[in-house]
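Okay, structure first, notes after.
Side chains are part of it too, since the values below use all heavy atoms of this structure and drop only hydrogens, waters and symmetry mates.
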Amino acid sequence: MTQQILVLGAGRVGGFMAADLAHDADFAVTVADRDALTLEQLEAHAPVRAVVEDLTDPAVVTRLAAAHDLVLGALPGRLGHAALAAVIEAGRPV
């Protein structure tokens, strides 16, 4: 069964994690970020589903997390902490 993985953040860390996981047939990887250009570049190099989203909004993070089996956080500092709380609110492993 394919695991639905969500990566929050497509920067250096998140982009690397998403690309690495996406090359495993056991994972369907979605990566969310506010930067459309960064997401386009990632999609060009890895079989990921990219979504442009405002990850500063906890409701957005909760909605995204609820649709996935596992969430990986790759957001900076305060933003990462708020996202973690939203993922916990969605009841998903992170």
#### Entry: Heavy-atom neighbours of Glu89 CD exceed 12 at 6.0 Å
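For Glu89, atom CD is not crowded (no more than 12 foreign heavy atoms under 6.0 Å).
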### Query
So does Phe27 have more than 12 non-hydrogen atoms from other groups sitting under 6.0 Å from CZ?
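Yes - once you tally the heavy atoms of other residues, nucleotides and ligands closer than 6.0 Å, there are more than 12.
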Nearest-0.5 Å distance, [atom1] of residue [X] to [atom2] of residue [Y]:
X: Leu21; Y: Phe16; atom1: CG; atom2: CZ; result: 9.5 Å
X: Arg49; Y: Gln4; atom1: CZ; atom2: CD; result: 9.0 Å
X: Ile5; Y: Leu70; atom1: CD1; atom2: CG; result: 4.5 Å
X: Glu43; Y: Gln41; atom1: CD; atom2: CD; result: 11.0 Å
X: Leu79; Y: Leu55; atom1: CG; atom2: CG; result: 6.5 Å

### Query
Going by the salt bridge (Lys or Arg N to Asp or Glu O under 4.0 Å) test, which pairs reach into residues 20-36, not counting sequence neighbours?
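For residues 20-36, and leaving out neighbouring residues, there are no salt bridge (Lys or Arg N to Asp or Glu O under 4.0 Å) pairs at all.
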### Message
Run the salt bridge (charged side-chain N to carboxylate O under 4.0 Å, His left out) test on Glu53 and Arg63 for me, step by step, so that the C-alpha distance in whole Å, both residues' side-chain angles and the decisive distance to 0.1 Å come before the verdict.
### Response
CA-CA 11 Å; Glu53 293 284 357; Arg63 175 180 50 79; 3.1 Å; yes
### Task
Just do the side-chain contact (heavy atoms from CB on, under 4.5 Å) check on Val52 and Leu39 with the steps written out, would you?
CA-CA 8 Å; Val52 177; Leu39 290 169; 3.7 Å; yes
### Message
Among Val71, Val31, Leu42, exactly one meets side-chain contact (heavy atoms from CB on, under 4.5 Å) together with Val7. Which residue is that?
### Response
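Considering Val71, Val31, Leu42, a side-chain contact (heavy atoms from CB on, under 4.5 Å) with Val7 is found only for Val31.
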Please tell me if the side chains of [X] and [Y] come closer than 4.5 Å, counting only heavy atoms from C-beta onward.
X: Leu8; Y: Val61; answer: yes
X: Val48; Y: Thr30; answer: no
X: Leu72; Y: Val94; answer: no

When you measure from the side chain of [X] to the backbone of [Y], do you find a donor-acceptor pair of N or O atoms at a distance under 3.5 Å?
X: His23; Y: Ala19; result: yes
X: Thr62; Y: Ala86; result: yes
X: Arg92; Y: Ala66; result: yes

### Task
Locate the shortest heavy-atom distance separating Ala83 from Leu75; write the atom from each residue and the value.
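Of all heavy-atom pairs spanning Ala83 and Leu75, the closest is CB-CD1, 3.7 Å.
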### Distance-minimising heavy-atom pair for Val87 and Pro93
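What the structure gives for the nearest pair is CG1-O, 4.5 Å.
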### Message
Quick check on the hydrophobic clustering: are Val29 and Leu64 connected, directly or via other members, by side-chain heavy-atom contacts under 4.5 Å?
### Response
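Cluster IDs for Val29 and Leu64 differ.
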